[in-house]
Protein chains: 2
Amino acid sequence: MLEKISLQTLQRLPVYLELLRQDAASDNISANRIAEELGLTEIQVRKDLAAVSDAGRPKKGFVVTDLIADLERALGYDNADDAVLVGAGRLGRALLSYAGFQRYGLNIVAGFDTNPRAWGQDEVSGKMIYAMDKLDDLCRRLSVHMGIITVPAPVAQCVCDELVGAGCRAIWNFAPTHIRAPGNILIKNENMASSLALISHHLRRNLEEEA
Amino acid sequence: MLEKISLQTLQRLPVYLELLRQDAASDNISANRIAEELGLTEIQVRKDLAAVSDAGRPKKGFVVTDLIADLERALGYDNADDAVLVGAGRLGRALLSYAGFQRYGLNIVAGFDTNPRAWGQDEVSGKMIYAMDKLDDLCRRLSVHMGIITVPAPVAQCVCDELVGAGCRAIWNFAPTHIRAPGNILIKNENMASSLALISHHLRRNLEEEA
DNA sequence: GGCATATCGATATGCTTTTATCGATATATC
DNA sequence: GATATATCGATAAAAGCATATCGATATGCC
């Protein structure tokens, strides 16, 4: 079942799950209603959900609790991914202390930084921040396979290489630069400039229309 | 020329621009080389660039300075968008103080928060953080049309409504919830859970393959 | 100056994703 | 219990996007 989920569908699944969790009061919910709430078409919702669940019943819709369970299983929220974070700057510490990741199956086990003043227990998150030379050992001992990069752009590639060297198979990159890794390693660039391009483009067209 | 840029292309343009800015030493660059650096195909690069530039010449490639200029114009970096940010928590302040946005044509003019202890000048960014009842007036006086939401999920929709009421036409939402607005308002959800779904899915398949 | 070659740009093919159509089925009402 | 209807699920068409192919063109070398 897991094989045939398309990339686009996969990215919408957490959105459905979030909506259902907020809305867990009702017993049943129809694809039509989900679509309305999220601004999608009901056909797309049905197709997405069909990929992970068969909790839908004619005339009633989907059984909410079953659908939530199916989504959580499909997304692997039952056993959370461990991750390390490199770069304890403002963004890095904001992510370290973001409690919401637990709800999405992510567990950041520790932070790393080159700056000695950052080392020790982070006040806000309560998580430990270590020197870079501890990275490899910790990743291997705890079998961490995911790295989060929140360092300045110029050192992002170097940090990426270190993470890969320490056994990471997936990298979540918040540095505003493109980084590379061998083919079997997944790089997910969280590119704010791309989002901004969409927004800015819309704004200009929207304001032009008026004039 | 601006009409026919596809959404996917639009999101890749800032990536090209970033690469070129880093690499501004050389006079010319070929689509092939850009593709190699970014892990794309040269055909896609050419097609993307063709949408915004004709700085390409056979045998030489693209004139870097011209291409940068074309990209900046297409992305509207010549006149930056002003924006307001609502929610001066850790993520909000991290974004407020992120200097890199200037390079992407974004200028956050001020922050807003309900908590009186956040009001005043933010130490790190030097930007002012105001009470929510100042929002409408400031947006209108400065003709701000873009709002950034970094508040907890439960109040995100309410903040969105206020921003729209104050004249915003585009919303950049970092709250981990889906928000709605009238059709002509663009909502860009920066959904970390979606990214995480991709990463987690890759990890599981990758680790399964070995076993 | 002519020729080989790197590179572009345009047209065509194929794949992925979305949207449309239609029949199937369980529930509720009479 | 029969019938109407809300809703699902599957198959089919359309759109959007990526990849392949091929001719055109400017550059540099002989």
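No hydrogens, no waters, no symmetry mates; every other heavy atom, side chains included, goes into these values.
- A straight line from CD of B:Glu36 to P of C:dT7 spans 11 Å, rounded to a whole angstrom.
- Going from atom CD1 of B:Ile43 over to atom C1' of D:dG23 covers 15 Å, rounded to whole Å.
- Between B:Gln44 atom CD and C:dA12 atom C1' there is a gap of 17 Å when expressed in whole angstrom units.
- In this structure, A:Arg57 reaches the C:dT27 phosphate: one of its side-chain N or O atoms is under 4.0 Å from OP1 or OP2.
- Between A:Thr41 and C:dT19 there is a side-chain polar atom (N or O) within less than 4.0 angstrom of OP1 or OP2.
- Among the nucleotides D:dA26, D:dA18, D:dC17, the one closest to the side chain of B:Pro58 is D:dA26.
- Residues A:Tyr104 and A:Phe101 place their aromatic rings such that the two centres sit no closer than 6.0 Å.
- Rounding to whole angstrom units, CZ of residue A:Phe62 and C1' of C:dT25 are separated by 14 Å.
- As rounded to whole Å, 17 Å separates atom C1' of C:dC8 from atom CZ of B:Arg33.
- The distance from atom CG of B:Leu7 to atom P of C:dT17 is 15 Å, rounded to the nearest whole Å.
- Taking the nucleotide of DNA chain C with the nearest heavy atom to each of B:Asn32 and B:Lys47, the more 5' of the two is matched to B:Asn32.
- With 3.5 Å as the limit, one finds a donor-acceptor pair spanning the side chains of B:Arg90 and A:Ser97.
- Of the candidates C:dA28, D:dG28, C:dT17, the closest approach to any side-chain atom of A:Lys59 belongs to C:dA28.
- Atom-to-atom, CG of A:Asp54 to C1' of C:dA26 comes out at 15 Å; the value is rounded to the nearest Å.
- Going from atom CG of A:Asn28 over to atom C1' of C:dA28 covers 14 Å, rounded to whole Å.
- Residue A:Arg46 places none of its side-chain N or O atoms closer than 4.0 Å to OP1 or OP2 of D:dG9.
- Side chains of B:Gln157 and B:Asp161: a donor-acceptor N/O pair is present below 3.5 angstrom, by distance only.
- Heavy atoms of B:Arg12 sit under 4.0 angstrom from primed sugar atoms or phosphate atoms, though from no base atom.
- Counting only distance, with no hydrogens or angles, the side chain of A:His178 and the backbone of B:Leu38 share a donor-acceptor pair below 3.5 Å.
- A:Glu18 and B:Thr177 form no side-chain donor-acceptor contact under 3.5 Å, judged by distance and modelled atom types alone.
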